[in-house]
Amino acid sequence: MDHVLPIGKARDIMLSALSNAKLIQQEPKPDIRVQSYEENGICYTVRYWVPKFELAVDCRDEVFSLIDEALRDAGSIAPYRRIQLINAPLRTDADQPE
């Protein structure tokens with residue numbers, strides 16, 4: 001997630017979204033942990049419990065969908081690769097040492 005969104009606010013948005021989940025267990029409560037703080041953004045781990053193993057795929061789909069919708073509603077954007085352009089003259093053959 002982009003660095004612009006503070007960790008505490010990101011955590012609150014995601015946990016609020018998970019409180020609307022119908023498939024995952026609400027006890028123990030889902031939680032959000034920071035996994036890494038990198039150049040491209042902050043990575044989070046979302047931890048939740050499924051009632052039955054066979055529902056794991058459906059639970060994951062619900063969790064990601066709810067979080068995605070909540071973050072978009074909050075105006076958060078996904079991090080994107082940043083490229084820095086430097087305006088420098090191109091070297092020509094005449095610039096090369098002999």
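Throughout, numbering of the chain's residues begins at 1 and tracks the sequence. We use all heavy atoms of the structure for the numbers below, so side chains are in, but hydrogens, waters and symmetry mates are not.
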Assigning hydrophobic clusters by single linkage (Ile, Leu, Val, Met, Phe, Trp, Tyr; side-chain heavy-atom cutoff under 4.5 Å), is [X] placed with [Y]?
| X | Y | answer |
| --- | --- | --- |
| Y48 | F64 | no |
| I67 | Y44 | yes |
| Y37 | M1 | yes |

Taking side chain to side chain contact (heavy atoms under 4.5 Å, CB included) as the definition, give me every residue that meets it alongside [X], ordered by chain and number, with sequence neighbours left out.
| X | result |
| --- | --- |
| L23 | D58, C59, E62 |
| E54 | K52 |
| Q35 | C43, T45 |

Name the atoms and distances for all side-chain donor-acceptor pairs under 3.5 Å in residues 7-22, with sequence neighbours left out.
| from | atom 1 | to | atom 2 | distance (Å) |
| --- | --- | --- | --- | --- |
| R11 | NE | I32 | O | 3.1 |
| S19 | OG | S16 | O | 2.5 |

For R72, give me all partners under salt bridge (Lys or Arg N to Asp or Glu O under 4.0 Å), at least two apart in sequence or on another chain.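 Here the qualifying residues are D68.
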Minimal non-hydrogen separation, I24 against P51, with atom names: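 In terms of heavy atoms, the two residues are closest at CA-CD, 4.4 Å.
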Per the salt bridge (charged side-chain N to carboxylate O under 4.0 Å, His left out) rule, what does the pair list look like for residues 24-35, sequence neighbours excluded? E27-K29, D31-R33, D31-R47
